[in-house]
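The block underneath contains the structure these notes are about, expressed in structure tokens.
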Amino acid sequence: MKDPEKAPWYYLFLLILAGESVFILPFVLQRVFRPTVLKVFELDNVELGLCFSVYGFVALISYLLGGPLADKYQPRKLIAIALWMTALGGLVFATFPEYSTLQILYGFWGFTTIFLFWSPMIKATRVWGGQKSQGKAFGFLDGGRGLVGALFGTLGVVVFSHFMSANLEVATLQESRFAFRYVILTSSAIVAVVGLLVWVFMKLPEHLEKEIIVDKITVSQIKEVVRLPSVVLLMVIILCAYVGYKITDVFSLYAQDVMLLDEVGSAQVGTFLLFARPVVGVFIGVLADRSRPSLWLFISFIIAFFGAIIFASGMVSNIPYFVFLLSILVVAIGVYAARSLYFAVMQSGKIPLVFTGTAVGLISLVGYTPDIFAGPAMGYLLDASPGLEGHQHVFWMLAVFSFIGGIAAFRYFQLYGKPINEISKKP
């Protein structure tokens, strides 16, 4: 088999662009505009969390069934179709539907963003990384996705501010909806255009497309993948890291509830967090390829744990704005570094490239269950103890999962922690 590193740079660029665009409507807008979303859809934190749970339940099935699909069909076609279908959902989102319809919409997005998209994206990224650049490939993917998300967030804030004619503190429901509708429609249009770019340009050499696809996935092959220790450990590692990533959703709400910022100010905090993600992703990816990705994965959980303790202790209140941003940055470094690396260690974990889609589907079946429970759990903790106390409880939750993830990452390092140059020398 020829070296998968032959995939061109613009292939990775399109993966980055698609990789975040598909999640703008279901997740990024809520992360940046959480207080506004609660207002315009007339939801509380638990209700929004339950929408994410519907997404998570559909995604759970989609991970399992969509994994083998990625090993059978070209990633380019699956990714483009997923983007177009997700953008269509945005047109429904812009009507501010009633709660039951909103839940159905989140279920639809669970199908489009996972069944058709997730495993093909991970497999295509692994193909681009080849034997020696897995850290760079996934670091650039997640960091680049973070930059795309930050740009979307910035664009959203600009569009929202432009169309919000009233004072934010006294804006009516109708005025907020008028402005936010333009944010949704702009995002939907961009997602559809990205799908077109992927369909037309994200192509591999013909011989390579054939070599990464299998005609049929058998039960025995699936069992072989499940028995790999790396697959089981990655289930735990990703579950814990993803809880951390979900908890970053509350930072804009923390800015409003504890730091007492307005809607635009809290959205700017969310956008600041998004800009931290590309820096962390690129830096940790390059660093990992020069040493041991599994070691840096372990270190990232340690950083996330101590960052969570800072917030859980209640120290982050009545402090200067700059110190508040620094505190957020500590958590962001740990969470985003773990997120950048957990698929980058598949190569050292001896997971066959041709079965990447199947492995990702199985790992994600457990690893992304926070889509089901994290939203309602955070919503319950925040609504049961309003203000600083509720946010402290959320960050204690992060500390616990970071500790467990650190143990699993340390075990992965023990089993597969050889330097990357030694792994690449093996035939």
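Position 1 is the first residue of the sequence, and the numbers go up from there.
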Requested in this report: Start with the C-alpha gap between T356 and V127, add the side-chain angles, then the distance that decides, and say whether side-chain contact (heavy atoms from CB on, under 4.5 Å) holds.
Outcome: CA-CA 10 Å; T356 298; V127 167; over 6 Å; no
Report task. Can you label the angle between the F403 ring and the F305 ring as parallel, tilted or perpendicular, going by 30° and 60°? Result -> tilted
Query raised in the report: Does L253 offer a backbone N or O that forms a donor-acceptor pair with the side chain of Q256 under 3.5 Å?
Result: no
Query - Ring geometry between Y242 and Y368 (parallel below 30°, tilted from 30 to 60°, perpendicular above 60°) - result: perpendicular
Query - Y63-S119 side chain donor-acceptor pair, cut-off 3.5 Å - result: no
Query raised in the report: Can you tell if the side chain of Q30 reaches within under 4.5 Å of the side chain of D249, non-hydrogen atoms only?
Result: no
Query - Considering all heavy atoms, the nearest A124-P75 contact - result: CB-CB, 4.1 Å
Query raised in the report: How are the rings of F140 and W9 set to each other: parallel, tilted or perpendicular (split at 30° and 60°)?
Result: tilted
Query raised in the report: Donor-acceptor pair, T186 side chain versus Y182 backbone, under 3.5 Å?
Result: yes
Query raised in the report: Does any non-hydrogen side-chain atom of D44 lie less than 4.5 Å from one of L38?
Result: no
Report task. Write down the atom of P376, the atom of S53, and the distance for their closest heavy-atom approach. Result -> CG-OG, 2.8 Å
Report task. Would you check if the distance from the ring center of F180 to the ring center of F33 is below 6.0 Å? Result -> yes
Requested in this report: Measure the CE-CG distance between M121 and L116 for me, rounded to the nearest 0.5 Å.
Outcome: 13.5 Å
Query raised in the report: Roughly how far, to the nearest 0.5 Å, is NE2 of H391 from OG of S317?
Result: 11.5 Å
**Report entry** Geometric cation-pi criterion, K246 with F52: 6.0 Å, 45°
**Finding:** yes
Report task. For the pair S385 (side chain) and G390 (backbone), establish whether a donor and an acceptor sit closer than 3.5 Å, ignoring hydrogens and angles. Result -> no
Query raised in the report: Counting N and O atoms only, with roles assigned by atom type, does the side chain of R277 sit under 3.5 Å from a partner on the main chain of G143, one being a donor and the other an acceptor?
Result: no
Query raised in the report: Taking the six-membered ring for Trp, is the centroid-to-centroid distance between Y99 and F41 below 6.0 Å?
Result: no
Requested in this report: Determine, step by step, whether R76 and Y11 satisfy the side-chain hydrogen bond (donor to acceptor under 3.5 Å, both in side chains) criterion, reporting the C-alpha distance in whole Å, the side-chain angles of both residues, the deciding distance to 0.1 Å, and the verdict.
Outcome: CA-CA 10 Å; R76 170 178 65 91; Y11 184 89; over 6 Å; no
Report task. Hey, could you give me each pair passing side chain to side chain donor-acceptor pair (under 3.5 Å) that has a residue in residues 296-308? Not counting sequence neighbours. Result -> S291-W296
**Report entry** is_close_aromatic(F311, F251), centroid dist under 6.0 Å
**Finding:** yes
Query raised in the report: Would a distance-only check, ignoring hydrogens and angles, find a side-chain to backbone donor-acceptor pair under 3.5 Å from T369 to V366?
Result: yes
Query raised in the report: Which distance, rounded to the nearest 0.5 Å, do you find between the CD1 of I122 and the OH of Y342?
Result: 7.5 Å
Query - Least distance between heavy atoms, I79 atom then A18 atom - result: CG2-CB, 3.9 Å
Report task. Check whether any side-chain heavy atom of R34 sits under 4.5 Å from a side-chain heavy atom of N45, and report yes or no. Result -> yes
Query raised in the report: Between the side chain of R177 and the main-chain N/O of F96, is any donor-acceptor distance below 3.5 Å?
Result: no
**Report entry** Minimal non-hydrogen separation, S348 against Y416, with atom names
**Finding:** O-CD2, 3.4 Å
Report task. Name the orientation class of the two ring planes belonging to Y106 and W109 (parallel below 30°, tilted from 30 to 60°, perpendicular beyond 60°). Result -> perpendicular
Query raised in the report: In terms of the angle between their ring planes, are F401 and F373 parallel, tilted or perpendicular, with boundaries placed at 30° and 60°?
Result: parallel
Requested in this report: Locate the shortest heavy-atom distance separating G19 from F117; write the atom from each residue and the value.
Outcome: CA-CZ, 3.6 Å
Report summary line: Output for pair (M85 CE, L83 CG), nearest 0.5 Å, gives 11.5 Å
Report task. Give, for atom CG of L102 and atom CD of E42, the distance between the pair rounded to the nearest 0.5 Å. Result -> 12.0 Å
Query raised in the report: Relative to each other, are the rings of F413 and F410 parallel, tilted or perpendicular (30° and 60° limits)?
Result: tilted
Requested in this report: Could you tell me whether the side chain of Q134 and the main chain of A344 form a donor-acceptor pair under 3.5 Å?
Outcome: no
Query raised in the report: So W396 and I309, side-chain contact (heavy atoms from CB on, under 4.5 Å) or not? Walk me through it.
Result: CA-CA 7 Å; W396 278 118; I309 293 296; 3.5 Å; yes
Query raised in the report: What is the distance from atom CG of L29 to atom OG of S187, rounded to the nearest 0.5 Å?
Result: 4.5 Å
Query - Over all atoms of both residues, closest heavy-atom pair of I16 and L141 - result: CG1-CA, 3.8 Å
Query - Exam field: side chain Y55 to backbone I372, donor-acceptor pair closer than 3.5 Å - result: no
